[in-house]
Every structure is written in C-alpha cells, then in structure tokens.
Amino acid sequence: MTRIGIIVGSSGPNRDSEQVAGWVLEHASRRDDAAFELIDLRDFSLPHFDEQFPPAFGKYQNEHTKRWASTIASFDGFVIVTPEYNHSIPGVLKNAIDYLYAEWANKSVGFVSYGMAGGVRAVEHLRTVSGNLHLAEVRQQVTLHLMTEFEDLTVFKPGAYNLEALDAMLDQVVAWSAALTPLRATPAVSAS
Ligand SMILES: Cc1cc2nc3c(=O)[nH]c(=O)nc-3n(C[C@H](O)[C@H](O)[C@H](O)COP(=O)(O)O)c2cc1C
C-alpha cells in the first residue's frame, strides 16, 4: 500500500502544526487508497546541518542523518504541514529537508499551510525547494488563515469547507506517489 508521511513542520512549544497535522491525519486515515503516518521533526532532533558531504553524494556519516534518511526512505509521498515564518518556512523544516537528497526523489508532495495570508508564501518557497529535490509537488493545496480557522489565533477550528481542498490535494499526492513507483526502482538521480 502507498505510504504517505505527514510532516509536522514546526517545533516550538504549543506549536499549531501539531493541531493541523492531527486534523490532516484524522481525515486522511478514513481513506483506503494509502496508509498515512505522522513524521514529527521533534522526534529527530536534527542539529544544524553537520554532514561532511553534500547530501546528493549519498555519503551520510552521522547516526541522526541515517535515522532521518531511513524514515524518509520508507515513504512513497508526503504532506508537509507548515506555518509561514518571515514569508518562508521555519528554519527547522528547511534544515530537515536539506539533510537528505535521494530519499526525496521521485516521490510526491502536497502542502497544508497556515498564516495571516494562509501561508501561501511559505508554500511558494517549498515548491522551489521541492523541484530541486525531484519531489513532485501537486497543484492543490490547503491554505488556512489564522484569522478565520484559528480561535484567538491559537485554537485550530477549521471550517468544513477546507475538507474539499484537503481531499483534492490528497487525491493528487496518492495518485502521483503511486504513479512514480517505477522511477523509484532505479537508484540514483543526477545531482547536477
Ligand atoms: C519567527 C516567526 C515569523 C513569522 N512570520 C510570519 C509571516 O511572515 N507571515 C505570517 O503570516 N505569519 C508569520 N508568523 C506567524 C505564524 O505563522 C503563526 O504564529 C503560526 O501559527 C505559527 O505556527 P507554529 O505554532 O506551528 O509555529 C511568524 C511566526 C514566527 C514565530
């Protein structure tokens, strides 16, 4: 069965990403076309990038990198849940993405973002980053406005209308993740 990892993209105390990722998981788990699981960056405690070689060389030295790599390698596709920080993504998320290379390739990704403008600027950055990693980003996305989908900017209370966008995004991620399976059978993608 296609395995989709839902990445919890921020790590601060009382982070909203946990509530949002929980909502994604709860809804996605009702589907029978893929298996969904949370990937919490907090569980990996990755330091600031400290590998000796660029990840595209595939010569990981550190145990924390190998553990992160084997987790990401075990999924066929991803949903990234991210807040917007300074019109981009949280540093902790970018750091975690930067650690790896081949493990992201020829898989699919969809985005769920939140912020004062729905987190759309963060997702535009993520699309550029994904492209460099051969990670196929789907068009549909879920954009959650802090003023309307969160009570007092903190308690996540999403309107039911968001489910249509979530379903459309999940449809695409599952379909593309499955469709790209043959490409993942061939090992390396060029780093150039
Ligand atoms: C360092 C930092 C920068 C932020 N910059 C933006 C921003 O540029 N645009 C925006 O809409 N919200 C911004 N915010 C607000 C966050 O998007 C909002 O607080 C969000 O709920 C945080 O998610 P989290 O609790 O999962 O970290 C920023 C918050 C932080 C902590």
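Not measured: the values here are computed from a predicted model. We count ligands from 1, going down the list as the structure has it; atoms in each ligand are counted the same way.
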[atom] - nearest protein heavy atom and its distance:
atom	answer
atom 19 (O) of ligand 1	Leu146 CD1, 4.4 Å
atom 14 (N) of ligand 1	Glu84 O, 3.2 Å
atom 5 (N) of ligand 1	Asn86 N, 2.7 Å
atom 25 (O) of ligand 1	Asp16 N, 2.7 Å

Check ion pair Arg121-Glu124 (N to O, under 4.0 angstrom)
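So Arg121 does not pair with Glu124 through a salt bridge.
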Taking the six-membered ring of Phe53 (Phe, Tyr or Trp), confirm whether the NZ or CZ of Lys59 is under 6.0 Å from its centre and within 45° of its axis.
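Pair Lys59/Phe53 counts as cation-pi.
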With only distance considered, is Arg15 within less than 3.5 Å of ligand 1 through an N or O on each side?
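For ligand 1, there is no N or O atom that lies under 3.5 Å from one belonging to Arg15.
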Short list, please: which atoms of ligand 1 are under 4.0 Å from a heavy atom of Met116?
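Every atom of ligand 1 under 4.0 Å from some heavy atom of Met116: 10 (C), 11 (O).
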Could you tell me which atoms of ligand 1, counted from 1 in the order shown, lie closer than 4.0 angstrom to a heavy atom of Gly115?
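Answer, ordered by atom number: 11 (O).
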Can a side-chain donor-acceptor contact be found between Tyr99 and Asp50 if the only test is distance below 3.5 angstrom?
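Indeed, the side chains of Asp50 and Tyr99 share at least one donor-acceptor pair under 3.5 Å.
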Ser17 contact mode with ligand 1 (heavy-atom cut-off under 4.0 Å)
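Both backbone and side chain of Ser17 come within 4.0 Å of ligand 1.
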Using a 4.0 Å heavy-atom cut-off, which part of Thr154 comes near ligand 1: side chain, backbone, both, or neither?
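Answer for Thr154: neither.
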Aromatic plane relationship, Phe156 with Trp23 - under 30° parallel, 30 to 60° tilted, over 60° perpendicular
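Because their plane-to-plane angle is over 60°, the rings of Trp23 and Phe156 count as perpendicular.
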Residue that, paired with Phe78, satisfies ring pair (Phe, Tyr, Trp, His ring centres under 6.0 Å) out of Phe36, Trp104, Phe111, Trp176
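The residue from Phe36, Trp104, Phe111, Trp176 that satisfies ring pair (Phe, Tyr, Trp, His ring centres under 6.0 Å) with Phe78 turns out to be Trp104.
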